[in-house]
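Throughout, numbering of the chain's residues begins at 1 and tracks the sequence. As a basis for the values below, the full set of heavy atoms in this structure was taken, side chains included, without hydrogen atoms, waters or symmetry mates.
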Amino acid sequence: MKPLPQSVLFCCDHNAVRSPMAEGLMKKFYGAGTYVQSAGVRNDLEIDGFCVAVCEEMGVEIARHRSRSFEEMEETGEVLSSFDVVVALSERSRDLAALQTQGFHTDLEYWPIMDPTAKGEGREAKLDAYRAARDQIIAQITAHWGAPGEEL
């Protein structure tokens, strides 16, 4: 296990499913001890309702999340290289984050989390796919920084 970093950015393709889940879970698990944000390569989608539902099952509220892109982050003065750790949850976000953090002391990690958006037929099957993605994120977070309340 690693000590909790001071700042973490989770990123994926649209900042509508995987990265908002990771942001919400990280904040729930470790509180305000780490600055946590999320972004996407693009922000062309709103937060996904299935994503909101499976996070609510764990007491994680992300319904008010507003998607934002890497470009929007930079426009507001928050650059990827200012984070201690950038965790890419998709290949596209990993590739763009690698370009934008090249030459900086930012750790870039790639956690290939399944995209649940095209999986499952019917509401329950879709929820199961989103739960699987959520559980993959939880497994990665706790493998890196320990169980909630047990972080270094």
Side-chain angles (χ1 to χ4, degrees), residues 1-52 54-55 58 60-120 126 129-148 150-152:
M1 274 189 309
K2 302 174 183 179
L4 280 173
Q6 287 188 323
S7 59
V8 176
L9 175 74
F10 290 101
C11 56
C12 63
D13 294 343
H14 303 277
N15 193 218
V17 178
R18 293 170 285 182
S19 56
M21 276 200 284
E23 176 185 354
L25 290 162
M26 183 88 176
K27 287 176 177 176
K28 172 80 171 178
F29 289 173
Y30 307 116
T34 297
Y35 179 70
V36 183
Q37 291 292 303
S38 65
V41 173
R42 294 185 310 271
N43 75 330
D44 54 345
L45 301 174
E46 293 297 321
I47 188 78
D48 186 289
F50 288 111
C51 171
V52 171
V54 300
C55 283
M58 300 194 64
V60 177
E61 194 283 316
I62 61 171
R64 292 177 287 178
H65 175 81
R66 295 295 164 248
S67 299
R68 66 183 182 152
S69 66
F70 291 164
E71 186 177 305
E72 286 174 304
M73 283 183 63
E74 289 196 17
E75 288 170 2
T76 61
E78 199 167 30
V79 293
L80 270 66
S81 60
S82 67
F83 287 86
D84 294 323
V85 179
V86 174
V87 179
L89 306 174
S90 68
E91 286 183 44
R92 237 182 323 188
S93 66
R94 178 200 59 202
D95 295 346
L96 185 56
L99 286 173
Q100 293 189 10
T101 59
Q102 194 171 26
F104 292 94
H105 293 290
T106 298
D107 291 336
L108 175 60
E109 297 190 19
Y110 174 49
W111 300 353
I113 303 298
M114 168 199 57
D115 179 0
T117 58
K119 304 224 184 298
K126 285 204 161 291
Y130 279 75
R131 288 180 188 115
R134 178 200 64 200
D135 294 346
Q136 285 181 336
I137 293 167
I138 291 169
Q140 287 286 355
I141 288 173
T142 57
H144 278 72
W145 296 299
E150 298 177 14
E151 64 276 5
L152 296 175

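In this structure, the side chains of T106 and L108 stay at 4.5 Å or more apart for every pair of heavy atoms. Contact check for P116 versus V17: side-chain heavy atoms found under the 4.5 Å cut-off. In this structure, the side chains of I62 and E23 stay at 4.5 Å or more apart for every pair of heavy atoms. By the 4.5 Å heavy-atom criterion applied to side chains, F104 and L80 are not counted as neighbours. Within the 4.5 Å cutoff, no side-chain heavy atoms of R66 are placed close to those of N43. The shortest distance between side-chain heavy atoms of M21 and I113 does not fall below 4.5 Å. V41 places none of its side-chain heavy atoms less than 4.5 Å from the side chain of C11.
Looking only at distances, a side-chain donor or acceptor of K126 sits under 3.5 Å from a matching main-chain atom of K119. A distance-only check finds a donor-acceptor pair linking the side chain of T34 to the backbone of P5 [under 3.5 Å]. Judged by distance alone, the side chain of S67 and the main-chain N or O of L45 form a donor-acceptor pair under 3.5 Å. Of the possible polar contacts, none joining the E74 side chain to the E71 backbone as a donor-acceptor pair under 3.5 Å is found.
How far CG of L89 is from CD1 of I137: 6.0 Å, rounded to the nearest 0.5 Å. Note that CZ of F29 is 12.0 Å distant from CG of L4, once rounded to the nearest 0.5 Å. From M1, atom CE reaches atom NE2 of H144 across 12.0 Å, with rounding to the nearest 0.5 Å. Atom-to-atom distance recorded for Q6:CD and S82:OG is 11.5 Å, nearest 0.5 angstrom. The structure places OH of Y130 at 11.0 Å from SG of C55, a figure rounded to the nearest 0.5 Å. In this structure, the separation between CZ on R42 and SG on C12 is 10.5 Å, given to the nearest 0.5 Å.
The side chain to side chain contact (heavy atoms under 4.5 Å, CB included) test applied to Y35 returns S7, Q37, E78, F83, not counting sequence neighbours.
Residues A16 and E46 share a closest heavy-atom pair of CB-O, 3.3 Å. Contact detail for A147 and Y30: the closest heavy-atom pair is O-CE2, 4.2 Å. Nearest heavy-atom pair, W111 versus F10, reported as atom, atom and distance to 0.1 Å: CZ3-CE2, 3.8 Å. Across all their heavy atoms, A88 and S93 have their closest contact at CB-OG, 3.5 Å. Here the closest non-hydrogen pair linking V86 and A97 is CG1-CB, 4.0 Å. Taking each heavy atom of P20 and H65 in turn, the nearest pair found is CG-NE2, 3.6 Å.
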Check step by step if side-chain contact (heavy atoms from CB on, under 4.5 Å) holds for Q100 and V79. CA-CA 8 Å; Q100 293 189 10; V79 293; over 6 Å; no
Apply side-chain contact (heavy atoms from CB on, under 4.5 Å) to the pair V85 and D107, showing each step before the final yes or no. CA-CA 5 Å; V85 179; D107 291 336; 4.3 Å; yes
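Within the structure, side chain to side chain donor-acceptor pair (under 3.5 Å) pairs that include any residue of residues 132-142 comprise E57-R134 (at least two apart or interchain).
A donor and an acceptor atom, one from each side chain of D48 and H14, are nowhere located under 3.5 Å apart.
For the pair K2 and E109, the salt-bridge criterion is met [side-chain N within less than 4.0 Å of a carboxylate O].
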